[in-house]
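Down below is the structure, laid out as structure tokens.
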Amino acid sequence: MLRQELARCLQQAVLKAQQEGALAAAALPEVLIEHPQNPEHGDFASGFPLRMARAMRMSPLAIAEKVSQHIVLPPQVDKVWVAPPGFINFTLREDWLSTEVESILAAGEAYGNIDLGKSKRVQLEFVSVNPTGPLHVGHGRGAVLGSTLANVLTASGYAVEKEYYINDMGTQITNFARSLYARYQQCLSKEAAVPPDGYHGNYIIDLANEIIQEQGDRFLSLPNGEAVSQLAEVGVAKMLQTIKHDLKLLDVVFDVWFSERSLYRGGQYDRAMELLQSAGYVVQKANATWFESSSLGEDKDNVLVRGDGSPTYFASDIAYHYNKFLERKFDEVIDIWGADHQGHVPRMKAVLKALQCDPEQLKVIICQLVTLRRGEEIVKVSKRSGDIITLQEVIEEVGPDPCRFIFLSRSADSQMDFDMELAKKQSADNPVYYVQYAHARIASILRLAKQREIDYSQGDVSLLTSEPESTLIRRLILLPEIVERVAFSLEPHHLPYYAQDLATVFHSFYKQCRVVSEDEALTRARLKLVKASQLVLAKVLRLMGMSAPEKM
RNA sequence: GUCCCUGUAGCUCAGCUGGACAGAGCGGCUGCCUUCUAAGCAGCGGGUCGAGGGUUCGAAUCCCUCCAGGGACUCCA
């Protein structure tokens, strides 16, 4: 990328200046190239001389002068100049910028793809909600974040696998099954009560009725324990169907659905525990089996196997990550967890150390909570109690594209209010539609061109020299950098901001530059630019998992 | 009590591993549709960047203390 190339040029210039004695010898920090906020400062800039001033015992401005004298400019750059208090600025050549339009057209849908990943195998695990109830908004956030990251990492040259971890055993599943059994009995006019720590939501009743419709009252004749365990199977399968269905509404699709129980049938659990044991991290105390995380710098130990002999969620998760790293051998694993799992992160890092893996291979994104509200009123989403608003209802009310856009527009670090009233009220002026409208506008221009049978394949892009045109091109060629940045930082929220910015620049161009006009040569050139804009806009929308409408 | 996240314009949020006058959307106020989509464009107004110290040539950004909101500290997941 041009940015890296400039950094290299600068570095070489410094070295050369040092060799010639123009600059004092000093260790060089990494040369950073940035985009100045103010366009008057050029396309790229570096504050490198400012940082070197002390070590070189020279004024930043003087250093900048020396460096710029020694620099060999890459062909894309028009000029380099020095600005106080010691910046080195670069401006791109207008004729090079216009040829970038051709590059975009040539790359087509692949424009923006980069080779950061070098085909490294990355597993992205997200959502992984207990199959004991429908998804709510908070889960939607994780789903959108994860699927978008998967899109971007794929575009960045990683081999990505998306996985959903199904917690299909353990205490919560038992609570769920008992609750379901109670509702099942109630629906068949039997006395029964949902356990206090069970699931009280109405969806359990619907589920019970559905099972009755399909399988009748056959569970009544089974012994209590058998009925519960069979209903657990049926109930979990049905909840998973609902979850899959809801995720599909947001265009979230997984490659692998991984069952927690399979870790026990497949021996991963035994092998992982054996490994920890032989490494000396497993101790027996207080009637339970513990992972001695305190010896790895944690503030306390954690239970692996309870007094009653049942393994904890933590033990399963150890077996699961053992499987991810040592059996499936992913180069990198990214887990997206809710804020309530934040305390789990250092534990899992400690586990990796114990398993002789590099903790850096595991990246955990903690996604802060979502509060759902309608104006002032906070809407409850808890699964275990009373009335809830499901993700499905939110999507149906707000629409999948606005949902995705809203979820993506905030960094995972910050908690968000999802205001249904606002989301719907804003619809008309929603940034979502603003971006999509730009795409639809483009489609409309291209339709007109087609209707008039304008062949712009031979358009001459060197005619694209006006200010709105070059501003637009400058934005278009930012796409690979945005992709890189999102892939590197694992922060997809930069995408919607870029999309919006691009749309703004396009709308402005549209207003100032008539595309299909009397001037045939200019028309052909501008149609190329418009087509390139469509490719980039559609690409960003696709990365965000949103639709790129031809008409609105 | 310990740990994690957050605190930037009336509201919702960006601010790229310290940089050149602090940005966007919404809301408010002005203008702009006989030509490719006005779900648009152009402009105005609006901020002691939670508070106080510190590091630095330079801090919204890094360090410390404090304040406020949220979350985690279960043989729950």
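None of these values were measured; they are calculated from a predicted model. By convention in this document, chain letters (A, B, ...) are assigned in the order of the sequence lines, proteins followed by strands, and residues within each chain are numbered from 1.
- In this structure, A:H35 reaches the bases: a heavy-atom distance under 4.0 Å links it to at least one base atom across the strands shown.
- Set against B:A20, B:C21, B:C75, the side chain of A:P36 has B:A20 as its closest nucleotide.
- In this model, the phosphate group of B:A39 is approached by a side-chain N or O of A:Y437 to a distance below 4.0 Å at OP1 or OP2.
- Judged by the 6.0 Å and 45° rule, A:R347 forms a cation-pi pair with A:F314.
- Distances were taken from every side-chain heavy atom of A:K511 (C-beta onward) to each of B:C13, B:C41, B:A72; the shortest belongs to B:C41.
- For A:R3, the side-chain atoms get nearest to B:C16 when compared with the rest of B:C73, B:C16, B:G71.
- Using N1 to N3 plus N6-O4 or O6-N4 for Watson-Crick, or N1-O2 and O6-N3 for G-U wobble, each under 3.5 Å, B:A72 pairs with B:U2.
- Evaluation of atom-type donor-acceptor distances gives a pair under 3.5 Å for the side chain of A:H341 against the base of B:A77.
- Taking the six-membered ring where tryptophan is involved, the planes of A:Y164 and A:F254 are perpendicular, since the angle between them exceeds 60° and thus also 30°.
- Closest to the side chain of A:R306, from the set B:C76, B:G70, B:G15, is B:C76.
- If you find the closest nucleotide of RNA chain B to A:P49 and to A:S310, the one lying nearer the 5' end belongs to A:P49.
- Taking the side chain of A:E34 as heavy atoms from C-beta on, and the options B:G19, B:C41, B:A77, the nearest nucleotide is B:G19.
- To the nearest angstrom, P of B:G15 lies 14 Å from CD of A:Q500.
- The number of heavy atoms from other shown groups lying within 6.0 Å of NZ (A:K551) does not exceed 12.
- Distance noted for atom P between B:C13 and B:G70: 15 Å (whole Å).
- Residue A:A443 is out of contact with every strand shown, counting any heavy-atom pair closer than 4.0 Å.
- Pair check for B:G7 finds B:C67; Watson-Crick or G-U wobble, both atom distances under 3.5 Å.
- Checked against B:C4, B:A77, B:A38, the side chain of A:Y510 finds its nearest nucleotide in B:A38.
- Rounded to an integer number of Å, the gap from CD1 of A:I365 to C1' of B:C5 is 14 Å.
- A straight line from CG of A:D417 to C1' of B:G7 spans 14 Å, rounded to a whole angstrom.
- If you take atom C1' in B:A22 and the same atom in B:U48, they sit 13 Å apart, rounded to whole Å.
- For the P atoms, the distance from B:U17 to B:G53 is 28 Å, rounded to whole Å.
- In this structure, A:Q415 places its CD atom 10 Å from C1' of B:G7, rounding to the nearest Å.
- Counting heavy-atom neighbours within 6.0 Å of A:Q4 CD, excluding the residue itself, gives a total above 12.
- Nucleotide B:G28 forms a Watson-Crick or G-U wobble pair with B:C44, both donor-acceptor distances falling under 3.5 Å.
- Only the P atoms considered, B:C49 is 16 Å distant from B:C62, to the nearest whole Å.
- Between A:Q37 and B:A22, a side-chain N or O to OP1/OP2 separation shorter than 4.0 Å is absent.
- Per the geometry, CG belonging to A:N89 stands 9 Å off C1' belonging to B:A20, to the nearest Å.
- Across the P atoms, B:G46 and B:G23 are found 14 Å apart, a figure rounded to whole Å.
- Distance, A:R441 CZ to B:G40 P: 8 Å, rounded to whole Å.
- Between A:S414 and B:A14 there is a side-chain N or O to OP1 or OP2 distance below 4.0 Å.
- The shortest distance between the side-chain N/O atoms of A:S508 and the OP1/OP2 oxygens of B:A42 is below 4.0 Å.
- When distances run from any side-chain atom of A:H41 to the nucleotides B:A20, B:U35, B:U74, the shortest one goes to B:A20.
- Remark: the separation of the C1' atoms in B:A60 and B:A14 is 12 Å, to the nearest Å.
- Applying the ring-ring contact (aromatic ring centres under 6.0 Å, His included) rule to A:F405 yields no partners; only residues at least two apart in sequence or on another chain are considered.
- A gap of 15 Å separates the C1' atoms of B:U65 and B:U55, to the nearest Å.
- One atom, NE2 of A:H493, and another, C1' of B:G23, lie 13 Å apart when rounded to the nearest Å.
- Side chain A:D501 to base B:A14: no donor-acceptor pair is found below 3.5 Å.
- Classification of the A:W337-A:H344 ring pair by plane angle, with boundaries at 30° and 60°, yields tilted.
- Within the 4.0 angstrom heavy-atom criterion, only backbone atoms of the sugar-phosphate kind lie near A:N167; the bases stay farther away.
- Proximity note for A:Q342 (side chain, C-beta onward) versus B:C4, B:C41, B:A77: the nearest is B:C4.
- One finds no side-chain N or O of A:S411 lying less than 4.0 angstrom from the OP1 or OP2 phosphate oxygen of B:C13.
- Put simply, CZ on A:F509 is 14 Å from P on B:A42, counting in whole angstrom units.
- Ring geometry, A:F407 versus A:F418: the interplanar angle falls from 30° to 60°, so the pair is classed tilted.
- Spacing between B:G40 and B:G25 at atom C1', rounded to whole Å, works out to 15 Å.
- Among the nucleotides B:U17, B:G19, B:C16, the one closest to any side-chain atom of A:L50 is B:G19.
- In this structure, the aromatic ring of A:Y497 is not positioned over the six-membered ring of the base of B:A14 within 5.5 Å between centres and 30° between planes.
- In this structure, B:A22 forms no base pair with any nucleotide, since neither Watson-Crick nor G-U wobble geometry is met with both distances under 3.5 Å.
- Of the candidate nucleotides B:C5, B:C36, B:A77, B:C36 has the atom nearest to the side chain of A:V516.
- Contact between the side-chain N/O atoms of A:Y433 and the OP1/OP2 oxygens of B:A38 is not found at any separation under 4.0 Å.
- Ring-centre distance between A:F509 and A:F506: below the 6.0 Å cut-off.
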